[in-house]
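Notes follow the structure.
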Amino acid sequence: MKMIGDEKGASNLQKAVEIFGGDIPFDYYERHEALEKVYEIYGMKAFDQIDDEFYGGDLFEKLMDEYIELHPSEFVVDGDYQYSELVR
């Protein structure tokens, strides 16, 4: 988010990372366990304020569109991309 100039969005994302204790696991199952712990500690409304700030405007989408237009080569996949079985 910082790369595209969305400082507010980056700060908001950092708040979510801090709720997880500073590290969000990449593995789906580990992330799911971590999320369950977050909900045990903070309740189901743990991310409400963060969600409200993220979905409260279209700045991220605008900045991302501008960034893609200026840097199209960064968004081209050369070759095949293997999807995870979890995504399908």
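Quick note: residue numbers are just sequence positions, from 1.
Under a hydrophobic-cluster definition in which Ile, Leu, Val, Met, Phe, Trp and Tyr are linked whenever side-chain heavy atoms come within less than 4.5 Å, directly or via other members, Ile41 and Leu35 are assigned to the same cluster. Under the 4.5 Å side-chain heavy-atom criterion for ILVMFWY residues, a single connected hydrophobic cluster contains both Tyr39 and Ile24.
Shown here is Gln14, whose CD atom has more than 12 heavy atoms of other residues, nucleotides or ligands within 6.0 Å. Sparse packing is recorded around CD of Glu61, with 12 or fewer heavy atoms of other residues, nucleotides or ligands lying under 6.0 Å away.
Glu53 pairs by the salt bridge (Lys or Arg N to Asp or Glu O under 4.0 Å) definition with Lys15, not counting sequence neighbours.
Note that the OH atom of Tyr42 and the CD1 atom of Ile19 stand 6.5 Å from one another [nearest 0.5 Å]. In this structure, the separation between CD1 on Ile50 and CD on Glu18 is 8.5 Å, given to the nearest 0.5 Å.
In plain terms, the two heavy atoms of Pro25 and Glu30 that are nearest each other are CB-CB, 3.7 Å.
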Go through it in stages, so that I can follow the logic: the residues are Glu66 and Lys62, the test is salt bridge (Lys or Arg N to Asp or Glu O under 4.0 Å), and I'd like the CA-CA distance, side-chain angles, deciding distance and then a yes or no.
CA-CA 6 Å; Glu66 290 172 2; Lys62 178 182 178 287; 2.9 Å; yes
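Side-chain contacts under 4.5 Å among hydrophobic residues (ILVMFWY), followed directly or transitively, place Ile4 together with Met1, Met3, Leu13, Phe54, Tyr55, Leu59, Phe60, Leu63, Met64, Tyr67, Ile68, Phe75.
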